[in-house]
J.: 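Got a structure here, written out as structure tokens. Questions coming.
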Amino acid sequence: MDIDNKARIHWACRRGMRELDISIMPFFEYEYDSLNDDDKRIFIRLLECPDPDLFNWLMNHGRPEDDELFHMVQLIQSRNQARGPVEQ
């Protein structure tokens, strides 16, 4: 997926679990444009992972073996936490 095709990336951010949508969508909407190209590619790779894995990683029930994906999970968590709770 092209890092500049934001419509397609936005679509890929939509997941089958509400908990994932609450973590991934705000990160994409508020943070994606500020990422460097390497981090954008890593974010896209993360989106290619299965929902159960994403859920476990983002809820701290394990971590990806890939250090780049782990870095992205930590970045998502820290940036989301810095922005505060998501209104539902």
Side-chain angles (χ1 to χ4, degrees):
M1 189 176 336
D2 178 14
I3 63 172
D4 295 319
N5 188 343
K6 290 185 64 177
R8 186 169 169 106
I9 298 165
H10 183 267
W11 182 256
C13 287
R14 298 177 61 164
R15 311 308 287 202
M17 298 174 138
R18 183 166 189 225
E19 295 85 355
L20 291 178
D21 288 340
I22 290 171
S23 292
I24 294 172
M25 290 301 291
F27 179 81
F28 174 72
E29 291 170 1
Y30 294 105
E31 309 293 341
Y32 184 81
D33 289 334
S34 70
L35 299 176
N36 64 44
D37 288 352
D38 288 337
D39 280 345
K40 288 178 181 180
R41 287 183 190 91
I42 296 167
F43 180 70
I44 290 168
R45 279 200 311 119
L46 187 70
L47 294 177
E48 294 169 351
C49 296
D51 284 358
D53 289 340
L54 287 174
F55 177 80
N56 285 331
W57 299 336
L58 288 165
M59 300 300 136
N60 295 315
H61 300 297
R63 63 161 278 178
E65 291 181 21
D66 182 306
D67 287 337
E68 289 181 333
L69 294 181
F70 182 55
H71 161 74
M72 184 54 58
V73 167
Q74 291 178 310
L75 187 63
I76 291 169
Q77 291 171 327
S78 66
R79 297 261 182 106
N80 284 349
Q81 185 177 16
R83 268 193 322 282
V86 175
E87 292 186 27
Q88 299 177 23

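Quick caveat: nothing in here was measured; it's all calculated off a predicted structure. What you see below is based on every heavy atom in this structure, not just the backbone, and it leaves out hydrogens, waters and symmetry mates.
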J.: Quick one: closest heavy-atom pair of L58 and I24, and the distance?
T.: CD1-CG1, 4.1 Å

J.: Between the main-chain N or O of S23 and the side-chain N or O of N80, is there a donor-acceptor pair closer than 3.5 Å?
T.: yes

J.: Using side-chain heavy atoms (C-beta onward) and a distance below 4.5 Å, is R79 in contact with Y30?
T.: no

J.: Taking it one step at a time, do K6 and D33 satisfy side-chain contact (heavy atoms from CB on, under 4.5 Å)?
T.: CA-CA 10 Å; K6 290 185 64 177; D33 289 334; 2.8 Å; yes

J.: May I ask you to decide if the ring planes of F28 and F43 are parallel, tilted or perpendicular, using 30° and 60° as cut-offs?
T.: parallel

J.: With the threshold set at 4.0 Å, does a side-chain nitrogen-carboxylate oxygen contact exist between R18 and D21?
T.: no

J.: Are L47 and L69 connected into the same hydrophobic cluster when the rule is that any two of I, L, V, M, F, W, Y join if their side-chain heavy atoms are below 4.5 Å apart?
T.: yes

J.: Between M1 and I76, is there shared hydrophobic-cluster membership here, with clusters defined by ILVMFWY side-chain heavy atoms closer than 4.5 Å?
T.: yes

J.: Side chains of E31 and S34: closer than 4.5 Å at any heavy-atom pair?
T.: yes

J.: Check L75 against D39 and note the closest heavy-atom contact, atom names and distance.
T.: CD2-OD2, 4.3 Å

J.: Hydrophobic clustering (ILVMFWY, side-chain heavy atoms < 4.5 Å, transitive) - are F70 and I44 grouped together?
T.: no

J.: Given 3.5 Å as the limit, does a donor-acceptor pair link the side chain of R15 with the main chain of M25, or not?
T.: no

J.: Looking only at heavy atoms, what is the nearest atom pair of D2 and I9, with distance?
T.: O-CD1, 3.6 Å

J.: Could you tell me whether D4 and R8 have a side-chain N and a carboxylate O separated by less than 4.0 Å?
T.: no

J.: Is any side-chain heavy atom of L35 closer than 4.5 Å to one of F27?
T.: yes

J.: How far apart are the C-alpha atoms of M17 and L54, what are their side-chain angles, what is the distance that settles it, and do they pass the side-chain contact (heavy atoms from CB on, under 4.5 Å) test?
T.: CA-CA 10 Å; M17 298 174 138; L54 287 174; over 6 Å; no

J.: What are the two closest heavy atoms between K40 and Y32, and how far apart are they?
T.: CE-O, 3.3 Å

J.: Return the CD to CZ distance between E68 and R41, rounded to the nearest 0.5 Å.
T.: 11.0 Å

J.: Answer yes or no: is there a side-chain heavy-atom contact under 4.5 Å between C49 and W57?
T.: yes

